[in-house]
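Here the structure comes first, spelled out in structure tokens, and everything after it is commentary.
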There are 2 protein chains.
Amino acid sequence: MSAQPAVALEGVSAFAPAVIGRVMRQVSPEEARGSGWASALLISGGVLQIPQDAEIYGEGADAAAFYKVVDGVVRTCKFRSDGRRQIEAFHRKGDVFGFESGDAYRLTAEAVSDCTVIAYRRRGIEQLAATSNTLSQQLFGYFMQEMTRARAHALVLGRRSAVERVGAFLHDAAQRSRDGRTISLAMTRQDIADYLGLTIETVSRTLSQLERDEVIAMPVSRQIRVQDPAWLEDLAA
Amino acid sequence: MSAQPAVALEGVSAFAPAVIGRVMRQVSPEEARGSGWASALLISGGVLQIPQDAEIYGEGADAAAFYKVVDGVVRTCKFRSDGRRQIEAFHRKGDVFGFESGDAYRLTAEAVSDCTVIAYRRRGIEQLAATSNTLSQQLFGYFMQEMTRARAHALVLGRRSAVERVGAFLHDAAQRSRDGRTISLAMTRQDIADYLGLTIETVSRTLSQLERDEVIAMPVSRQIRVQDPAWLEDLAA
DNA sequence: CGATTGCTTGATACCTCTCAACCCAGGTGG
DNA sequence: CCACCTGGGTTGAGAGGTATCAAGCAATCG
């Protein structure tokens, strides 16, 4: 269960899931500063390598930083008392995650695959935003993106049938792929199921059915090619 | 399609459901300026009275304004090609809605009950935010609230059973009520169903079952009293 | 008063969950 | 090299819950 991420030169406290990671690779200054605004907020040593399935931060931990994905995929999720897990979002290269209104994280963030992320200090962000027009707009943009995704996710979950949910997931994934058709999945069927509010079996069955209907091709389970984009488009409408 | 929020004194076109409402009541200056920041953005004549079920703005319309609820309840929703409707959120007194990242609204806003809302100009908001620390923080706060709600809604919809969904809805509604137990519903069963991704019959049956189990009391269909708060609490956990 | 609207309740069909078996690829160890 | 194990994924059979179709009730309205 424990997802001590990682990676400590010396002793990582077993009870401090919030303290994680260390610099393992040097990222270029341009990459870290990203869109220009971030240098003032960049945490020294804030470039983190997170191994697969390791925790980046845990629910309830002090929300002192927010993060930007450089490489890999991150999931933010909630664990219920009955053991079920709801994935709120997958974050890919360029996405920012970990914004919080309160002092503590309300979700857990974990690495779906091996990841590189950059941590930015949260404290002082408002003051900086007030002095810098561009920073303000950048943050606003990231924020909007997060919100738009959250809304879109809620709309998908509001759909009742499994085909519609899986279809929406594929549609979204295809949109973000290079050519708009070829999807390489970093996540397991369980991840997809927990994201869509379905069971792993239903996800598997639905994908198989879509393959039989020649909407998609699935040479291996983690590689999906969309054969009939129009069909997905209609479903999403 | 156009949703000029404002305020036609004469002639409401029968074919322009988007053009609705007009100033019917004078709202005090303090009320309109609200938290102090808003006077600069307040649209002249921007206090609107919206009759029940009227549209405030439509999906696709130019997102020139955002709104604050003074009184009543507003729903933001999406209509699908198959005629189904998904309600993204209910907005109550003090809530702000209509934030958009792009130029057009992605959702439709309608009055669940007779409403009073204030419209604020969106243009120029970034500049203002950059010059005013307090405005920036206020907006940030509203924004965060919206995002937190969207996330919470997605988590509820990720839950599979009808009892859990209805329970979460009741829990939330009770939280916002005066005494934490007595709920006055402004919305119909259909609204609730479209918000929870269920059918009207399932919502009705679930409420009846909860009443039989003495978790709630329902003297009339729009009035619900929570008898067993702990039970709801456990369900929400 | 009949018509309409919002809501509840019943019977049945359908879809997803659950439980279970099985397949496959990769890794390990004898 | 092969037996074995493991984790991820697929598939099957049956149970259970929600959607669907249909009827009926109560309050409101013209």
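Sequence lines set the chain letters: A, B, ... in the order given, protein chains first and strands last, and positions in each chain run from 1.
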Checklist line | Flag, side chain of B/R165 to backbone of B/V203, donor-acceptor distance under 3.5 Å | finding: no
Notebook entry, point to check: Would a distance-only check, ignoring hydrogens and angles, find a side-chain to backbone donor-acceptor pair under 3.5 Å from A/D62 to A/A104?
Noted result: no
Rounded to the Å, how far apart are [X] [atom1] and [N] [atom2]?
| X | N | atom1 | atom2 | answer |
| --- | --- | --- | --- | --- |
| B/R165 | D/dT18 | CZ | C1' | 10 Å |
| A/L210 | D/dT11 | CG | P | 12 Å |
| A/L207 | D/dG9 | CG | P | 10 Å |
| A/Q190 | D/dT10 | CD | C1' | 14 Å |
| A/L185 | D/dT10 | CG | P | 10 Å |
| A/M187 | D/dG9 | CE | P | 11 Å |
| A/Q52 | D/dG7 | CD | P | 13 Å |
| B/R159 | D/dT18 | CZ | P | 14 Å |

Check: When you check every protein heavy atom under 4.0 Å of nucleotides 23-30 of chain D, what one-letter string (B, S, -) results, 5' to 3'?
Finding: --------
Next item on the list: Sugar-phosphate atoms are those with a prime plus P, OP1 and OP2; base atoms are the rest. Using that split, label each nucleotide of nucleotides 16-26 of chain C B, S or - for protein heavy atoms under 4.0 Å, 5' to 3'.
Entry: SSBBB------
Next item on the list: Determine: side-chain N/O of A/S221 to OP1/OP2 of D/dT10, distance under 4.0 Å, yes or no.
Entry: no
Check: Has A/R222 got a side-chain N or O lying under 4.0 Å from the OP1 or OP2 atom of D/dG9?
Finding: yes
Notebook entry, point to check: Can you tell me if A/Q223 and A/S184 form a side-chain donor-acceptor pair at under 3.5 Å?
Noted result: yes
Next item on the list: Decide whether B/Q49 and B/T116 meet the rule of one side-chain donor and one side-chain acceptor closer than 3.5 Å.
Entry: yes
Can you tell whether the side chains of [X] and [Y] come within less than 4.0 Å, N to carboxylate O?
| X | Y | result |
| --- | --- | --- |
| A/E100 | B/R151 | yes |
| B/E164 | A/R80 | no |
| A/D95 | A/R149 | yes |
| B/D194 | B/K78 | no |
| B/R181 | B/D179 | no |

Next item on the list: Measure across B/V163 and B/L235 and return the closest heavy-atom pair with its distance rounded to 0.1 Å.
Entry: O-CD2, 3.4 Å
Item checked: B/R106 atom CZ, over 12 foreign heavy atoms within 6.0 Å -> no
Next item on the list: Determine to 10° how strongly the helix from C/dC1-D/dG30 to C/dG30-D/dC1 is bent, judged from the axes of its five-pair ends.
Entry: 20°
